[in-house]
Amino acid sequence: MAAVSRSSSTAAGRSPRRRVAEAAVPRRSNGVTIAGVALRTPYWVFTGALGLIFLAPLIWTAVASVAPQAGTNQVEGWGFGNYQTLAHYQAGIWRYLANSAFVSLLTVALTLLVSFFGGYAFARFRFPGKNLLFLVTLAILMVPYATLLIPLYVLLNQVGLQNSLVGVALVLTMFQLPFSTFLMRISFEAVPRELDEAALVDGCSSFSALWRVLLPAVKPGLITVGLFAFLAAWNDFVAPLILINDSERMTLPLAVSNLRGQVQGVVDYGATEAGVVVLALPCIVLFLMLQRHYVRGFMSGALKG
């Protein structure tokens, strides 16, 4: 009774003008309105069409890799004959997968290590020629990729890293560093300097503040850099083609390319499609797992200032 009397007294205490204004304001319903659906429908149709356009080639390749095709190891019925051809090609698919995984993981580790400290130095320290050095680092992006492979081939041959997976990883790391350093610099610049100063006041050393405070803050940028480095190294074809001579040290893209015309120049489309599916699966899984951090890494520093 007390609650009813309180509510009635409150309603009675309102001015007539206020009651009319509140009655004129339409209340929001919890359900979906027709106007909302009408406004969102073009967005849904457009994004759905884009999704189908991008997914159609991959879906077609996956279906064709198990469909019966003349001139392949899967002639009758649906099955995994093309994958068997890929699995037993020369050294075997597991060897080529291991080679690609080694090159990709080493490239990611080196790229993360160098770009992390490089971005921290460019963002937090002042030294003569800092901006000029940063511009020179970014200028590597303007150099065509293929033009540097022959000089790098000669250099790696002199230091004993030609025809080596480590040499391929070093070359791929070099081409990833300019963009990675740029991304890590803006990630560090998006973190307020007060966090560094507070950590130093609390007794942390410079390295401890970097490890305990700044590293968690720039984790989305690191994940973005690592994802970019992995995708570039996993799918790269030109560098292994120039630097690798031994068939047992080929990466998976190079092995799939060689498998494509293994019998008198006749293209084995079924095995090629199976190789494309195997190449694409790790990239799709990693992107879906890390897409939230990937978007945050690109947005870091976008609203700075």
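Keep in mind that this is a model prediction, so the values were computed, not measured.
Taking every heavy atom of both residues into account, Val171 and Leu243 meet most closely at CG2-CD1, 3.8 Å. The minimum heavy-atom distance between Val277 and Ser65, with the atom names listed, is CG2-OG, 4.2 Å. What you find for Val103 and Ala233 is that their closest heavy atoms are O-CB, 4.4 Å. Minimum heavy-atom separation, Leu222 to Met184: CD2-CE, 3.7 Å. The minimum heavy-atom distance linking Leu279 with Cys283 is given by the pair O-SG, 3.7 Å. Of all heavy-atom pairs between Tyr96 and Ser247, the closest is CE2-O, 3.3 Å.
Within a 6.0 Å radius of CZ in Phe127, more than 12 heavy atoms belonging to other residues, nucleotides or ligands are found.
Linking Ile, Leu, Val, Met, Phe, Trp and Tyr whenever their side-chain heavy atoms come within less than 4.5 Å puts Leu55 and Phe287 in one cluster. Transitive grouping of hydrophobic side chains (ILVMFWY, heavy atoms separated by less than 4.5 Å) keeps Val166 and Leu105 in distinct clusters. Cluster annotation: Trp234 and Val276 are assigned to distinct hydrophobic clusters (Ile/Leu/Val/Met/Phe/Trp/Tyr, side-chain heavy-atom contacts under 4.5 Å, transitive). Note on Phe230: it clusters hydrophobically with Phe237, by side-chain heavy-atom contacts below 4.5 Å among ILVMFWY residues. With hydrophobic clusters built from ILVMFWY side chains whose heavy atoms lie under 4.5 angstrom apart, Leu141 does not share a cluster with Val114.
A heavy-atom distance below 4.5 Å is found between the side chains of Leu152 and Met174. Within the 4.5 Å cutoff, no side-chain heavy atoms of Tyr120 are placed close to those of Val218. Here the side chains of Leu148 and Val143 are in contact, with some heavy-atom distance below 4.5 Å. A 4.5 Å side-chain heavy-atom check between Phe134 and Phe182 finds at least one atom pair inside the cut-off. Between Ile93 and Tyr83, the closest side-chain pair of non-hydrogen atoms is not below 4.5 Å.
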Practice prompt. Could you walk me through whether Glu189 and Arg185 pass the salt bridge (charged side-chain N to carboxylate O under 4.0 Å, His left out) test, one step at a time?
Written response: CA-CA 6 Å; Glu189 289 178 345; Arg185 179 181 180 177; 3.0 Å; yes
Please list every donor-acceptor pair under 3.5 Å in which a side-chain atom of residues 201-212 meets a protein atom from a residue at least two apart or in another chain.
from: Ser205; atom 1: OG; to: Ser208; atom 2: N; distance (Å): 3.2

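Qualifying salt bridge (charged side-chain N to carboxylate O under 4.0 Å, His left out) partners for Arg124, counting only residues two or more places apart in sequence or in other chains: Asp196.
Side-chain N or O atoms of Asn163 include one that pairs as donor or acceptor with a backbone N or O of Asn245 at under 3.5 Å. At least one donor-acceptor pair under 3.5 Å links the side chain of Ser100 to the backbone N or O of Leu252. The backbone N or O of Pro253 sits nowhere less than 3.5 Å from a side-chain atom of Ser257 that would complete a donor-acceptor pair.
Put simply, CG on Leu286 and CG on Leu231 are 7.5 Å apart, with the number rounded to the nearest 0.5 Å. For the atom pair Trp94 CH2 and Leu97 CG, the distance stands at 6.5 Å (nearest 0.5 Å). Rounding to the nearest 0.5 Å gives a distance of 9.0 Å between CZ of Phe175 and CG of Asp236. Note that CG of Leu165 is 11.0 Å distant from CG of Leu170, once rounded to the nearest 0.5 Å. Note that CG of Leu214 is 7.0 Å distant from CG of Leu195, once rounded to the nearest 0.5 Å. Note that CD of Glu273 is 11.5 Å distant from CG of Leu58, once rounded to the nearest 0.5 Å.
Phe179 and Phe228 have tilted rings, their planes meeting at an angle from 30° to 60° on a 0 to 90° scale.
With Phe116 as the partner, the side chain to side chain contact (heavy atoms under 4.5 Å, CB included) test is satisfied by one option alone out of Thr111, Thr181, Leu215, Val225: Leu215.
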